[in-house]
Structures are given as structure tokens and as C-alpha cells.
Amino acid sequence: MNAVSVRNLNVRFDDQVILERLSFNIPQKSITAIIGPNGSGKTTLLKAMLGLIPYQGEVLILGKEISQSFEKIAYVPQRFSFDKSFPITVDEFLNLEISKQGRKKSNINTKLKEVGMEKSGQQLLGQLSGGQLQRVLIAKSLLNNPKILFLDEPAAGIDLKGERSFYELIKHLNEEHGVTIILVSHEMDIVYNYATSVVCLNKQMLCFGKPKKVLTDQMLKQLYDENITLYQHKVDKHG
Amino acid sequence: MAFFGDGIAHASLAGIAIAILADLNPILIAIVFSIIIALIIYLLEKKTSLSSDTIIGIFFTASMSLGVLLISFKEGYQPELISFLFGNILAIRVFELYLIVILAISILTFLILFFRKITLVVFDRETAYISGINVTAIEITLYLALAVSIVLGVKILGIVLVSALLIIPASIAKLVASSFKGLVVASVILSEIIVILGIFLSYYFNWPTGATIVLTGTAWFIVTFIFSKILKFKSS
């Protein structure tokens, strides 16, 4: 069974076509990146898959409608905008998550440790850096042990070092816990080094497959309408 | 939400005017009217591209104008109207007191039972939806609870001043609280203290109750704000 199955997906806002006739299957335990230029519909596709916006077509999450799959998925939005002066601790924030397995303190501590934020429980959410906040959001999303994690440009606003360690965390979740990762990204090097499959998008789907196979110079030119060549760098895991 | 509170309070004048003209209980009709307005505001916020401020601003001024227009049809001095505009705790009737107690307990029960869900929805409605929360149901109930709470406070503080009770205690609590739990507890305790202290001062100095309560809260906020800045400056 596929993690996500999309069939003939169309999204329109008023008369404007945002996404047109998309069909693809995302396998379980994969890291799938959705890439494309600005305005190509990446975030729209993610939101359609999550049922956050209306669409035509079919989206199945682990073979079921999204409304029947909430317990198996988690989502980290692109911008988690909140009043930074609002006095809520990390522990309290995580405790808000609804879980059938209970919101045990030990569970919260385990997840915070998992994302390297074990000492932040009593810190105020508004005082965290961008990278720390993203890690806390990941910890929150993991509380219900999801099978699929949706991330919308998760490293936006994080410095290079933080970005790399963040993606190492994503890779760890995928490899060690078998979580399917579906993320929107515009960082080609990250996609190339971490993703196991890629959806190239520009209102229509231009390619789908393994990054090293489908992200050719020709495809990138078609996608971004300019000459782009990828040079592969080896990622230092401890960097 | 502060502007929503202010808007609902002012909009309730139309309900009060209808009740005065039809010789019905003003609080009861104002509650029904504010619920209708709150539902319309919610629907327009979700179904149109109009901003929340625009919708509330239009309804608040239109309903208040309707109230003024309706009241002009009633001849003579309207003491009850003045008590609704500026508040008069002594004008609360026994029936209204029972109504306030029953509705306040209902609202408190809703807030306690759905505390986590409400907070999550207010923080981020998309992730709340993905968590399996019925976001629409929670939002509508919260709007209605807020609308009813505001109208219940109208007789004490008046249409013009009632939104101060939504804003001032929470703002003071935000200055001193170091956790969400602390914020909620401090807001509730501060509200009670400010209202009781305001009533005491208004009785002692023979001042208008609503205005005295709001000024008590404002003074407390200013003092807390200055102290919090001094403490922050010393610790840095």
C-alpha cells in the first residue's frame, strides 16, 4: 500500500488553475520532496493532500480518505506564526497535542530528546530560535507516532548548520522509525542528498522518481526556466 | 479577539433597543442578538475575503446605529438605556442574576472541558485540524461563548467599557506569567480582584461602578508594566 496516492488532482482558486491533473504514488518509508519554482503550487499540493483546501480528484492516505487518517499523519507548517510574547512553555505547548496514547510527561520528554531539545521543556516557546522552534514542532508532530510526516519548507529561516542537522534528524526519523516524509523544499542540494523520491511541479507534474534519475539538467531547465546544473557534494553527517 | 469583544458589546445595543421597545428583557434579547451577530461575523470571515476587522467594524457600527435609531422611537428619558451604556451593577434584576450564573457556569464548563482543543485551534487552526479536532465546531462555540460572556458583563461595565474586562486582566497577567497555566490562573484572579476592588472604590467614593472598575484595572496595568520594565532592566 502506498503512503499517499494522488489521482487526477486539480486545484482551482476562482478561475485560476493552481494544479492540474496530478497523479502519483508516494511509497511508504520514503523521503519525498516536492520541488518547483515560486508559485508552482508546492504548498497548495501539500495542503490538498492534507485536506486543508478544496480540490477535485482523489487523495488517499494509506488507502483511506484523509478524514479517516488523521491519527496516522502529522504536519509541520511553513510558518508557525504566533504571538512571541505569549507565555507558553515548550512542555505546555506539547501537552496541547491530542493523543489517544495519552500525553504522558515521559512521552513528551522522549520526543524532545529525540529532536535534541530535552533541556527546553521549561523554556518559553517565544524565546526559541527558528531552528529550535522547528525541532519543537517536529517533537510535537511525533507525539502521536505518525506514519507520515508532512513538512512545508521545514528549514526556512534556519542557518546552514542548523539546516543540515535538521535534515539529519528527518533522515533519522525516516531510517530508524520508518516514518514516511513528504516535504516541500526549494533547496536542491538537500533534495539531492536526502530525498529518495521527488515530485517536480509547475502547476502540472513535470517529473516523479528518484532525484538522481529524474533531476537532469534538461528537467531543471524545464522546471526553473533557466540553466541550472547540480554538482553533487558529499554531506558531512557531523557538520 | 479584543476587537470582536468590543464589536459584540456595541452591536448588542440594537438587541437592547428592540427589547426596550417591545417591553422584553434587554439582557435576554441582547444575548440572542449578539449570538446572531457572532454567527454572521464568523460566516463572513470564513466565506468571504473580507478582513475580520472590516466585518466587525461594519457590524458594530451598523448595529449600534440601528440601536440608536430604534431608541429614538421611544419617547422620554430612558434610565435603563443609560445603565446599559455605562453599566450599573445595582440595576441587575434577580432573573438576570440567575441567567448570568447559569450561562457563566455553562461557559466555564465548555472552557474547562475543551481547554486543550480551544488553545490548539487558537494557536494554529491547520495543525489543530490535522490533529483531528473539529475546528469549525470549536471556533463557532468559542465565538458564541465570547459573545454571551460580553453581554453578561454589559450590565456591570456597560456597552462602552465591557471589553476592558477581556483585555486588561489578561494583559496584566501576560506581563507577570511565566507559563500558560500561570497566565490563565492570573487572568481569572486578577479579573475578580479588579472587579471587587472597583466596586468597593465606587461605593466608597460614590463613583460610577463601570468606569471605576476599568480605571482600577488600567492603573494596575500601568504599575505592573512599569515594574516589569524595571525588573527586566535590572536583570539585563
Side-chain angles (χ1 to χ4, degrees), chain A residues 13-14 43 46-47 49-54 61 66-100 102-103 121-127 133 136-138 140-141 143-144 146 148-152, chain B residues 1-3 46-49 52 111-139 142 167 169-190 221 224-225 228-229 231-232 235-236:
Chain A
F13 290 148
D14 298 325
T43 296
L46 200 76
K47 289 194 173 185
M49 287 195 279
L50 290 165
L52 291 169
I53 54 169
I61 307 284
I66 179 73
S67 56
Q68 296 172 314
S69 310
F70 286 139
E71 285 173 24
K72 292 169 185 160
I73 64 166
Y75 167 56
V76 177
Q78 186 178 6
R79 282 185 194 86
F80 187 73
S81 49
F82 66 102
D83 179 359
K84 299 263 181 189
S85 66
F86 194 83
I88 185 166
T89 64
V90 169
D91 268 349
E92 287 178 318
F93 179 64
L94 295 188
N95 205 30
L96 294 175
E97 189 60 40
I98 316 299
S99 168
K100 286 197 169 174
R103 290 170 294 266
Q122 292 309 307
Q123 255 186 290
L124 290 175
L125 200 67
Q127 291 176 354
L133 180 62
V136 168
L137 290 175
I138 295 280
K140 179 171 167 285
S141 69
L143 281 172
N144 293 341
I148 309 171
L149 180 57
F150 291 84
L151 303 150
D152 191 357
Chain B
M1 274 297 162
F3 192 44
K46 300 302 166 198
K47 301 287 180 193
T48 70
S49 57
S52 181
L111 292 177
I112 291 169
L113 287 179
F114 294 93
F115 179 73
R116 280 199 180 89
K117 289 183 179 181
I118 294 167
T119 315
L120 206 55
V121 169
V122 171
F123 249 96
D124 187 55
R125 69 188 310 275
E126 285 188 348
T127 46
Y129 171 77
I130 302 298
S131 298
I133 295 171
N134 188 338
V135 174
T136 306
I138 290 286
E139 280 181 337
L142 186 62
I167 302 164
S171 302
I172 301 170
K174 209 170 151 189
L175 290 173
V176 295
S178 57
S179 67
F180 185 46
K181 190 180 172 188
L183 176 79
V184 174
V185 172
S187 295
V188 174
I189 293 171
L190 281 165
F221 173 78
T224 313
F225 181 76
S228 69
K229 285 287 169 197
L231 284 175
K232 215 173 189 177
S235 64
S236 64

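Numbered from 1 within each chain, the chains take letters A, B, ... in sequence-line order.
The structure places CG of A/Asn144 at 12.0 Å from CD1 of B/Ile130, a figure rounded to the nearest 0.5 Å. For the atom pair OG (B/Ser178) and CD1 (A/Ile88), the distance works out to 12.5 Å, reported to the nearest 0.5 Å.
For B/Phe225, the CZ atom is loosely surrounded, since the number of other residues' heavy atoms within 6.0 Å does not exceed 12. For B/Lys46, the NZ atom counts as densely surrounded, since its 6.0 Å shell holds more than 12 non-hydrogen atoms of other residues, nucleotides or ligands.
Taking the six-membered ring where tryptophan is involved, the planes of B/Phe123 and A/Phe86 are perpendicular, since the angle between them exceeds 60° and thus also 30°.
Between B/Leu120 and A/Lys140 the shortest side-chain heavy-atom distance falls below 4.5 Å.
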Between A/Phe93 and B/Phe180, is the ring pair (Phe, Tyr, Trp, His ring centres under 6.0 Å) condition met? List the steps.
CA-CA 9 Å; A/Phe93 179 64; B/Phe180 185 46; over 10 Å; no
Stepwise, does the salt bridge (Lys or Arg N to Asp or Glu O under 4.0 Å) test hold for A/Asp83 with B/Lys174?
CA-CA 11 Å; A/Asp83 179 359; B/Lys174 209 170 151 189; 2.6 Å; yes
Between B/Arg116 and A/Asn95, is a side chain to side chain contact (heavy atoms under 4.5 Å, CB included) present by the stated rule, with each step listed?
CA-CA 8 Å; B/Arg116 280 199 180 89; A/Asn95 205 30; 3.2 Å; yes
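In this structure, chain B has heavy atoms under 4.5 Å from both the backbone and the side chain of A/Ser85. For chain B, the nearby parts of A/Leu50 are the backbone and the side chain; heavy atoms of each come within less than 4.5 Å. Of the two parts of A/Leu137, neither the backbone nor the side chain holds a non-hydrogen atom closer than 4.5 Å to a non-hydrogen atom of chain B. In this structure, the portion of A/Phe82 lying under 4.5 Å from any heavy atom of chain B is its side chain and not its backbone.
Across A/Lys47 and B/Glu126, no two heavy atoms sit closer than the pair NZ-OE2, 2.9 Å. A/Pro87 approaches B/Ala177 most closely through the heavy-atom pair CB-O, 3.6 Å.
With sequence neighbours excluded, the residues that form a side-chain contact (heavy atoms from CB on, under 4.5 Å) with A/Ala74 are A/Ser141, A/Pro146, A/Leu149.
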